[in-house]
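Remarks on the structure that follows.
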Amino acid sequence: MQKVIAELPPKQVINFLLQHFKNTNLQKPGNFQQNGTDFGFKSNEDFWKVLLRERNTAFKSLILEGFRIVDWFPRTPGLYHTEDAFRARMDAKHYLREEKGIKFYNPHGKFHMIERGVGSVRFKPVTVENQECLLCTATSDNYCHSGIPLAIPDRLVSKIDFDDYKLYFNIIGKVKFLPNFLENHLYT
């Protein structure tokens, strides 16, 4: 079943998300004009490839097609999709162990994984632009750490069943920077 979250007027969505998306240490500054090119994405990877490659992604409109919404937030948004992170995760495989049919990383391997983009956190609701919001993630692959951060107003959060893994959404919004108060928490 596919749902569309579109209860906010377009101008409010633009202003709301403008304060939200800031890929700490990954978002490149650019020309922040309101009438930028629209993007459409069907996967986390496609979104991050564009965001990490392009200089002028902030404030651009986008649609995320067929994404799950989870109530966790990537520990380091976007880091998972960098070349350095990929290499570190490959290095972590040297620390993969198996006991009684269960595979796990020893502490060195876990360190490589966490330092290179694997992991998520759960925040209490926060106030963004005078609205109570829950920081969540849109994900195409069911993994929060590789997903796209969202700030969802409280009045819309109540319409999402986070336990229903069959719900997929089309999400319309703008690429925005994270609020300043989150930068220290997500600094990589």
Side-chain angles (χ1 to χ4, degrees), residues 17 19-30 39 41-55 57-58 62 64 66-126 128 133-152 157 160 162-169 171 175-188:
L17 290 176
Q19 292 300 318
H20 171 64
F21 279 110
K22 179 180 181 186
N23 191 332
T24 306
N25 292 330
L26 297 175
Q27 173 67 48
K28 299 177 179 112
F39 295 111
F41 301 102
K42 294 185 178 183
S43 74
N44 301 338
E45 187 174 352
D46 291 343
F47 171 86
W48 288 109
K49 278 182 186 176
V50 168
L51 194 79
L52 296 171
R53 182 186 68 226
E54 301 290 329
R55 288 191 55 81
T57 54
L62 63 85
L64 305 174
F67 280 70
R68 284 202 52 231
I69 299 175
V70 296
D71 56 345
W72 286 80
F73 198 82
R75 190 183 69 78
T76 50
L79 181 62
Y80 182 88
H81 297 281
T82 64
E83 286 293 321
D84 287 343
F86 175 77
R87 284 192 295 277
R89 290 192 306 275
M90 292 300 104
D91 290 343
K93 289 183 177 184
H94 294 90
Y95 302 101
L96 191 60
R97 303 290 177 252
E98 185 171 346
E99 289 181 14
K100 299 179 184 176
I102 299 172
K103 293 182 181 181
F104 62 95
Y105 292 99
N106 73 14
H108 295 290
K110 287 180 183 179
F111 176 78
H112 279 290
M113 298 296 280
I114 290 170
E115 286 298 306
R116 293 301 173 225
V118 174
S120 56
V121 294
R122 186 178 252 168
F123 288 104
K124 294 181 200 178
V126 297
V128 179
C133 299
L134 187 61
L135 298 178
C136 297
T137 301
T139 179
S140 63
D141 63 9
N142 294 323
Y143 294 104
C144 181
H145 57 259
S146 64
I148 301 161
L150 302 174
I152 303 175
V157 169
I160 302 169
F162 293 108
D163 295 324
D164 188 343
Y165 297 106
K166 295 178 184 175
L167 287 180
Y168 292 88
F169 299 87
I171 304 162
V175 177
K176 297 174 95 177
F177 293 101
L178 286 173
N180 290 337
F181 71 89
L182 284 178
E183 285 189 37
N184 293 336
H185 298 290
L186 301 173
Y187 189 78
T188 57

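As the structure is a prediction and not an experimental result, all values here were calculated from the model.
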Atom [atom1] in [X], atom [atom2] in [Y]: separation rounded to 0.5 Å?
{"X": "Arg75", "Y": "Ile114", "atom1": "CZ", "atom2": "CD1", "answer": "6.5 Å"}
{"X": "Arg122", "Y": "Thr137", "atom1": "CZ", "atom2": "OG1", "answer": "11.0 Å"}
{"X": "Ile160", "Y": "Ile152", "atom1": "CD1", "atom2": "CD1", "answer": "4.0 Å"}
{"X": "Ile148", "Y": "Leu62", "atom1": "CD1", "atom2": "CG", "answer": "7.5 Å"}
{"X": "Arg68", "Y": "Cys144", "atom1": "CZ", "atom2": "SG", "answer": "10.5 Å"}
{"X": "Trp48", "Y": "Phe41", "atom1": "CH2", "atom2": "CZ", "answer": "10.5 Å"}

Looking only at non-hydrogen atoms, find the nearest pair between [X] and [Y] and report the distance.
{"X": "Leu64", "Y": "Ala138", "result": "CD1-CB, 3.8 Å"}
{"X": "Trp72", "Y": "Ser120", "result": "CE3-OG, 3.7 Å"}
{"X": "His145", "Y": "Gly117", "result": "CB-O, 3.2 Å"}
{"X": "Phe162", "Y": "Asp71", "result": "CD2-N, 3.5 Å"}
{"X": "Pro74", "Y": "Pro77", "result": "O-CD, 3.6 Å"}

Contact between [X] and [Y] at the side-chain level, heavy atoms closer than 4.5 Å - yes or no?
{"X": "Leu135", "Y": "Val126", "result": "yes"}
{"X": "His81", "Y": "Lys49", "result": "no"}
{"X": "Phe47", "Y": "Ser140", "result": "no"}

**Request:** Could you check whether the rings of His112 and Tyr95 sit parallel, tilted or perpendicular, using 30° and 60° as the cut-offs?
**Result:**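 His112 and Tyr95: parallel rings.
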
**Item:** salt bridge (Lys or Arg N to Asp or Glu O under 4.0 Å) partners of residues 87-97, not counting sequence neighbours, each pair once
**Value:**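 Applying salt bridge (Lys or Arg N to Asp or Glu O under 4.0 Å) to every pair that reaches into residues 87-97, excluding sequence neighbours, yields Glu83-Arg87, Asp84-Arg87.
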
**Prompt:** How would you list, by chain and number, every residue that makes a salt bridge (charged side-chain N to carboxylate O under 4.0 Å, His left out) with Glu99, sequence neighbours excluded?
**Reply:**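 Partners of Glu99 by the salt bridge (charged side-chain N to carboxylate O under 4.0 Å, His left out) criterion come out as none, since no residue qualifies.
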
**Item:** Residues, nucleotides or ligands: over 12 heavy atoms within 6.0 Å of Phe104 CZ
**Value:** yes

**Message:** For Tyr143, I'd like to know if atom OH has over 12 heavy atoms of other residues, nucleotides or ligands within 6.0 Å.
**Reply:**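 No, because the 6.0 Å sphere around OH of Tyr143 holds 12 heavy atoms or fewer from other groups.
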
**Message:** Asp141: which residues meet the side-chain hydrogen bond (donor to acceptor under 3.5 Å, both in side chains) condition with it, sequence neighbours left out?
**Reply:** Asn44, Thr139, Ser146

**Request:** Check Leu150, Val157, Val128 against Cys133 for a side chain to side chain contact (heavy atoms under 4.5 Å, CB included) and give me the one that passes.
**Result:** Val128

